[in-house]
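Following: one structure in structure tokens, then a few remarks.
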Amino acid sequence: MIAAELAVECHEILSQSIKNAADLNGVLLAAKEKDVVFLDETQELPKQQQTALYLALDQRKIVLAGGNSGGNRPAIPIAGFTLLLATTDEYCLLQPLRDRMKLVLRFSSTRSKNSQPW
């Protein structure tokens with residue numbers, strides 16, 4: 001719905017399908033400017049990929065392995081996309097990744113007796 005309102009493409013990815021850096025890089029490079037990238041079940045994203053994700057968000061680029069030992073490693077810029085994460089356990093996510101989320105919405109399936117059915 002968000003992508004439709006923005007008139008952009010939505011890239012919906014199940015986080016279990018991201019097993020390594022190449023998988024994550026493919027997701028990040030596929031997104032175009034202003035697209036929406038939705039990672040579902042983000043708690044299943046391996047910790048190394050969570051780290052790579054928040055670093056890529058911070059730097060707006062993917063830093064590749066290799067390069068010289070002086071710290072000049074090759075990098076590929078990524079588009080300015082909107083990232084949506086969904087998780088059933090936010091505390092399985094690394095704190096630095098959680099800290100980068102500007103808006104956190106928590107939904108509960110429990111309703112009180114007096115609540116209105118929506």
Side-chain angles (χ1 to χ4, degrees):
M1 186 180 330
I2 293 170
E5 284 294 317
L6 295 171
V8 296
E9 189 174 342
C10 181
H11 306 266
E12 184 176 352
I13 298 97
L14 191 58
S15 293
Q16 291 97 322
S17 67
I18 301 174
K19 302 289 186 202
N20 54 47
D23 294 342
L24 179 62
N25 291 348
V27 168
L28 298 177
L29 291 171
K32 297 180 286 302
E33 196 69 26
K34 301 191 183 195
D35 278 359
V36 173
V37 175
F38 173 59
L39 294 179
D40 197 11
E41 298 295 336
T42 311
Q43 77 277 1
E44 299 294 331
L45 193 63
K47 301 297 183 200
Q48 282 185 303
Q49 296 355 303
Q50 289 185 39
T51 301
L53 178 59
Y54 72 72
L55 291 174
L57 293 173
D58 280 352
Q59 300 171 12
R60 281 287 179 217
K61 62 184 176 184
I62 297 168
V63 178
L64 303 174
N68 63 32
S69 60
N72 291 333
R73 295 179 13 186
I76 302 171
I78 58 174
F81 54 82
T82 298
L83 177 65
L84 302 176
L85 304 179
T87 181
T88 54
D89 188 353
E90 69 183 276
Y91 297 104
C92 284
L93 301 179
L94 295 174
Q95 184 68 45
L97 180 59
R98 290 195 327 254
D99 290 345
R100 282 155 179 84
M101 298 301 105
K102 293 184 181 186
L103 176 63
V104 177
L105 303 172
R106 292 178 181 88
F107 297 97
S108 174
S109 61
T110 60
R111 292 195 325 233
S112 68
K113 291 171 90 176
N114 297 328
S115 68
Q116 296 291 325
W118 300 74

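Values below: every heavy atom of this structure, side chains too, minus hydrogens, waters and symmetry copies. Not measured: the values here are computed from a predicted model.
- Using a 4.5 Å heavy-atom threshold, the side chains of Leu6 and Lys34 count as separate.
- Note on Leu103: it clusters hydrophobically with Phe107, by side-chain heavy-atom contacts below 4.5 Å among ILVMFWY residues.
- Of all non-hydrogen atoms in Glu9 and Asp35, the two that sit nearest each other are N-OD1, 3.4 Å.
- In this structure, Thr82 and Leu84 have side chains that are in contact, with non-hydrogen atoms separated by less than 4.5 Å.
- Judged by distance alone, the side chain of Arg100 and the main-chain N or O of Asp58 form no donor-acceptor pair under 3.5 Å.
- Taking Arg60 as the reference, nothing meets the side chain to side chain donor-acceptor pair (under 3.5 Å) condition, with sequence neighbours excluded.
- With contacts defined as side-chain heavy-atom distances shorter than 4.5 Å, the pair Glu90/Arg106 qualifies.
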_Verdict with reasoning, Leu39 to Ile18, per side chain to side chain contact (heavy atoms under 4.5 Å, CB included)_ = CA-CA 10 Å; Leu39 294 179; Ile18 301 174; 3.9 Å; yes
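- Phe38 and Ile78 fall into different hydrophobic clusters, where Ile, Leu, Val, Met, Phe, Trp and Tyr side chains are chained together by heavy-atom contacts under 4.5 Å.
- Around atom CD of Gln95, more than 12 heavy atoms belonging to other residues, nucleotides or ligands sit under 6.0 Å away.
- Atom-to-atom distance recorded for Cys92:SG and Arg98:CZ is 9.5 Å, nearest 0.5 angstrom.
- Proximity of Gln50 to Thr42: side-chain heavy atoms (C-beta onward) are nowhere separated by under 4.5 Å.
- Closest approach of Leu64 and Arg73 over heavy atoms only: O-NE, 3.3 Å.
- No continuous path of ILVMFWY side-chain contacts below 4.5 Å connects Leu14 to Leu97, so the two sit in separate hydrophobic clusters.
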*Show your working on side chain to side chain contact (heavy atoms under 4.5 Å, CB included) between Leu83 and Leu53 and close with a plain yes or no.*
CA-CA 10 Å; Leu83 177 65; Leu53 178 59; 4.2 Å; yes
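- For Gln48 (side chain) and Asn20 (main-chain N/O), no donor-acceptor pair under 3.5 Å exists by modelled atom type.
- Contact between Lys32 and Phe81 at its shortest, heavy atoms only, is O-CB, 4.1 Å.
- Looking at residues two or more places apart in sequence or on another chain, you find a side-chain contact (heavy atoms from CB on, under 4.5 Å) between Pro46 and Gln49.
- Using a distance-only test at 3.5 Å, with no hydrogens or angles considered, a donor-acceptor pair links the side chain of Asp23 to the main chain of Lys19.
- Remark: Glu12 CD is loosely packed, at most 12 non-hydrogen atoms of other residues, nucleotides or ligands lying under 6.0 Å away.
- Side-chain atoms of Glu33 do not come within 3.5 Å of backbone N or O of Ala79 as any donor-acceptor pair.
- For the residue pair Tyr54 and Leu94, the shortest heavy atom distance occurs at CE2-CD1, 4.2 Å.
- A donor-acceptor contact under 3.5 angstrom links the side chains of Gln43 and Glu41, judged on distance only.
- Asp40 is not listed as a side-chain neighbour of Ile13, based on a closest heavy-atom distance of 4.5 Å or more.
- By the rule that hydrophobic residues join a cluster once side-chain heavy atoms approach within less than 4.5 Å of another member, Ile76 and Leu57 end up as members of one cluster.
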*Could you give me the CA-CA distance, side-chain angles and deciding distance for Leu28 and Val37, then say whether side chain to side chain contact (heavy atoms under 4.5 Å, CB included) is met?*
CA-CA 8 Å; Leu28 298 177; Val37 175; 5.7 Å; no
*Report the C-alpha separation of Leu29 and Ile62 in whole Å, then their side-chain angles, then the decisive distance to 0.1 Å, and conclude whether the side chain to side chain contact (heavy atoms under 4.5 Å, CB included) test is met.*
CA-CA 9 Å; Leu29 291 171; Ile62 297 168; 3.7 Å; yes
